Amino acid sequence: MILLSNEVIIFLFVEALLLLLQGIAFVNAVGILSRWDFAASTALQYRLEKRAYLVVLIILFTLGFKMLLLPYFSYTIDQLSSIVPGAMCGAGVISANEYGPPLLSLKVLIVFLTGSWLILNAEDIKASSYPYFKAKFWLFIIIFILVAVESVLDVLYLVNIPTGDPVSCCSTIYGAAGSGEPLPFGLDIFRLLILFYLIYALILAASFFR
Amino acid sequence: MPANVFLNFLFLLIYRHGSKHIAVFLISTLVVMLFSSVMLLSHAVEEDIKVSLAAQPDFIVQKIHAGKAVDIPMEWADEIRSIRGVSVALPRVYGSYFYTPNSHYFTIVGIDPFDKQISTSLEALLQETDLRSFLSEDQMIIGQGVKAQLDQHRYFDHYLFKAPNRTKVRVGIYKSFPKESSIVSSDMAVMELDLAKRVLGIEEEFSTDIVLFVPNELERDNVREKIILQHDDLRVIEKEELAVAYEQLFNYRGGVFLLLYMIVLVTFVLILYQRYSMISSADKKEIGILRALGWSINAVIKLKIMESLVVGLSAFMLGLLLAYCYVFLLDAPLLSSLFLGHGNLPLDIVFNRSIDFGMLTLLFLFFIMPYVAAVLIPVWRIAITDPVEAMK
Amino acid sequence: MIHIEHLNKVYNENAANAYTALHDINLHIRPAETVVLKGVSGSGKSTLLSIIATLIKPSSGELVVDGEQIAKLPDTHASHFRNAHIGFIFQAFNLFDELSVKDNIALPLIVTGMSQKSIDEKVQQAMKIAHISHKQDQSVQNLSGGEKQRCAIARALVHEPKIILCDEPTANLDRENSLKFIETLKQFKALGKTVVIATHDPLFDGLESVDRTIVIENGKITSS
Ligand SMILES: Nc1ncnc2c1ncn2[C@@H]1O[C@H](COP(=O)(O)OP(=O)(O)O)[C@@H](O)[C@H]1O
Ligand SMILES: [Mg+2]
């Protein structure tokens, strides 16, 4: 039960809260997209425009915090390596079960899409006729679906990290069973991690120099 | 907009509306303090365990009978010592003694003063002790807790232990250790090996367990296998496992608190949401004025979010400061007994004043995230107020 | 400066209580012109001013101010336009009671991106025009009606807008202060502002500083 590690509990709690908020944004986004007509001067359209501020606000907030959560995820994973028998660092923990590598790939993809969304949003706000409005909402819907999948994977991954039983200090022999073989995947994970940090740094730089 | 102009106005507003924020500020401070105390405490304990474990032997060997650890023949230590790679193998004698008057357990630790000591703290203890006078008769060195219990029943000079074989063993009190000392934990009574055996009822040729040091990490698996081959009723515990076990144990304790705290946090978020959703017509009017003067919805959102952030951040810092004082200056009364429980941990707990960056981020994230999340929707709602309506 | 064509405003559109507040308004106001918008209460004056200030969106029609189409601007742009071009003086003054005169006047400048130093300079300048400098550090709640009005005037001028909209500026003032306000109109003129005053106060009839009086009745312009 790795779930009772403090870092993991906090990670999952924060993630759940973000997902909830994004869910609210998602429902609103779908509602707005289905009735959006910029040419109209109806009260409905102006209400939708106001509602869009909520959606954008939540998206900015959640995506921002997700970015903060990524280094925290690495930190959590690193902390876990002291609990997970046989793992020496985060990369080892990532490949501790079959959910790790796809999860990491998904995280990389989401970071990339997040960056794209931020750029799209900035361009949309600059213009006075909402040129990318629909595009950015569609992109968000895609991101939301990916984030939902990511959250499920996060839970599956963390629940399935093997640990010794809490009473393992009393068990007769500590068997050789434990971590899988990290090497075959190790190289991929390593590349993935580099890619991940590269995109991350890029987005930070982009938002900084904007 | 230049940050300082905006911030000047922000702080001016907060200052003018101070009383509106007091309630949220106080609740937030309390929540942060509660949470930080638990986290600081659990972290300090964890760090302490890491340090203590570093001095622990690499392996502990126990004899198992019917699934329970029983006394192990001392000569097995010699057999183990002959395995290649083992630098030291020592029989240990220790155990719990039930002190009937107060229904408390003492930890009896036997030492062989002329052999290598198992832990650096015992080493230090012996260095401070005049061995000749200590060994001249049956005597013990006791921790503060033991002393307090014995004093209560006026055993100032000696105590008569009731050994399991119904004999009484008279043990003199050589000295006790002051509270500040971390050398002897409070529930410990240290005495000479054979004396300890008599008190605990361990037979002459036996010991509680055997510890060994294997300096070369690569040889450890090998050594473990060889020990197991020698006798089949052995349990071999490696230090690494101990570390993992301790870490898990504390994660569990911390985790339970964390789950409780999460309930508190959810309540807190709901309160915040409620609080910020109550928009007075005066508040609305102010926003309406700002909007009429050319503040955009985004600018108002920024103002309002920053406003609650300032309140939240200052509450966070004050709460953290209070927690720090509570844990490290006051030694966490109430909480520490709750947290450490009565578990007879063989390690001495000293609260080192340690906070690491990771934990600070953790504390911060875990508080600020729900905090801001709670105000997002109310803030948006006030930002989109129709200025014309609001100013009527 | 202000061009309004076929402008309609319907409140609560598509609802049972739908109400057409403005009917096919056509209006052209030249730069530096001072116009009085006259009409009884409920005739749609405030609605029209709010639409010019982009505080309310029209239901249909065209609105061009200073060459810019503003009827359908997204809020960020509308607010920016308002902040750059419009000074608004309200009947109820609409000041922050807890803040000082100076801080109230600075409100429109905070979002402009100006430095604190130039903000302070502009505030001083505006206070001088509105004759309120001597009260600059007073809290607004301690001011008299006339002083509040002058504070509001300074705030409407501080960001140097081209257009000043006044909604019933004298409704909460006594006769003496109302006359003082009418004096200020000359100053607006001297500064080259385009001024629109919505009022039903007869004091504004036949003033020399007013270029034109437009009468609005039941949401329709009846004479201009
Ligand atoms: N938000 C609103 N919803 C519905 N009706 C409104 C609203 N605001 C104003 N009205 C109506 O529109 C008409 C014009 O109002 P207004 O522009 O305030 O008139 P004036 O400023 O000339 O007194 C009035 O009959 C008023 O009741
Ligand atoms: Mg009116």
Side-chain angles (χ1 to χ4, degrees), chain B residues 1-22 279-307 309-311 376-377 379-392, chain C residues 11 21 46-47 49-51 53-57 73-100 102-120 139-141 152 155-156 158-159 161 165 167:
Chain B
M1 57 192 100
N4 65 329
V5 172
F6 189 78
L7 289 181
N8 284 348
F9 179 62
L10 177 68
F11 283 110
L12 183 68
L13 266 195
I14 292 175
Y15 174 66
R16 293 290 174 198
H17 294 165
S19 56
K20 274 203 279 189
H21 302 294
I22 291 267
I279 308 166
S280 67
S281 59
D283 291 343
K284 270 199 168 174
K285 190 178 159 196
E286 286 188 0
I287 298 306
I289 295 171
L290 290 181
R291 300 271 289 113
L293 297 179
W295 285 54
S296 61
I297 291 178
N298 279 335
V300 174
I301 288 178
K302 186 174 161 193
L303 178 76
K304 284 284 153 184
I305 295 251
M306 294 283 279
E307 196 180 80
L309 255 186
V310 168
V311 177
L376 279 186
I377 294 176
V379 159
W380 165 77
R381 207 171 276 148
I382 193 171
I384 59 154
T385 42
D386 179 354
V388 177
E389 286 295 306
M391 286 186 299
K392 267 182 184 161
Chain C
Y11 284 114
S46 299
T47 305
L49 285 195
S50 300
I51 287 177
T54 66
L55 288 172
I56 292 180
K57 301 253 160 117
L73 284 182
D75 174 76
T76 319
H77 295 82
S79 300
H80 186 260
F81 160 83
R82 187 156 65 236
N83 191 242
H85 294 290
I86 308 281
F88 216 130
I89 296 171
F90 313 88
Q91 169 183 354
F93 311 130
N94 285 331
L95 299 164
F96 278 53
D97 284 339
E98 294 100 336
L99 296 188
S100 68
K102 214 167 54 180
D103 292 330
N104 261 289
I105 295 171
L107 289 178
L109 298 180
I110 293 169
V111 284
T112 54
M114 257 176 226
S115 69
Q116 189 68 53
K117 192 162 158 275
S118 36
I119 289 182
D120 291 341
S139 177
V140 161
Q141 59 209 4
R155 191 179 62 185
V158 73
H159 50 304
L165 306 176
D167 194 356

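Since the model is a prediction, treat every value here as computed from it, not as a measurement. Within every chain, numbering begins at 1; the chains are lettered A, B, ... in the order of the sequence lines, protein sequences first and strands thereafter. As a basis for the values below, the full set of heavy atoms in this structure was taken, side chains included, without hydrogen atoms, waters or symmetry mates.
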key: Closest-packed option against chain C by number of heavy-atom pairs under 4.5 Å, given Leu293(B), Asn298(B), Asp386(B), Ile297(B)   = Leu293(B)

message = For Val5(B) versus Ser115(C), what's the shortest heavy-atom pair and its separation?
response = CG2-C, 4.0 Å

query = Taking all atoms of both residues into account, what is the closest heavy-atom pair of Gln116(C) and Asn8(B), and its distance?
reply = OE1-ND2, 3.0 Å

remark   = Per-residue tally against chain B (heavy atom, under 4.5 Å) across Asn83(C), Asp75(C), Ile119(C) peaks at Asp75(C)

task = Measure distances from Leu109(C) to the heavy atoms of chain B and classify the residue's part below 4.5 Å as side chain, backbone, both or neither.
result = neither

ask   = Excluding sequence neighbours, so at least two apart, what forms salt bridge (Lys or Arg N to Asp or Glu O under 4.0 Å) with Glu98(C)?
value = none

Most contacts with chain B, counted as non-hydrogen pairs under 4.5 angstrom, among Thr76(C), Asp97(C), Leu99(C), Ile86(C) = Leu99(C)

ask   = So which bits of residues 15-22 of chain B come within less than 4.5 Å of chain C, counting non-hydrogen atoms only?
value = Arg16(B), His17(B)

message = Among His80(C), His159(C), Arg155(C), which residue has the highest count of heavy-atom pairs closer than 4.5 Å to chain B?
response = Arg155(C)

ask   = Of all heavy-atom pairs between Pro387(B) and Leu55(C), which one has the smallest distance, and what is that distance?
value = CG-CD2, 3.6 Å

query = Which of residues 280-289 of chain B have a heavy atom under 4.5 Å from any heavy atom of chain C?
reply = Lys285(B), Glu286(B), Ile289(B)

request  = Below 4.5 Å from any heavy atom of chain B, which atoms of Phe81(C) appear? Answer side chain, backbone, both or neither.
outcome  = neither

message = For a quick test of reading the model, state the closest non-hydrogen atom pair linking Ser79(C) to Arg291(B) and the distance between them.
response = OG-NH1, 3.5 Å

query = About how many Å separate OG of Ser50(C) and CE of Met391(B), when rounded to the nearest 0.5 Å?
reply = 7.0 Å

Donor-acceptor contact present, side-chain Trp295(B) to main-chain Ile110(C), <3.5 Å = no

key: Contacting moiety of Leu13(B), where chain C heavy atoms sit under 4.5 Å   = side chain

request  = Scan residues 102-113 of chain C for pairs that pass salt bridge (charged side-chain N to carboxylate O under 4.0 Å, His left out), counting only residues two or more places apart or in two chains.
outcome  = Lys102(C)-Asp137(C)

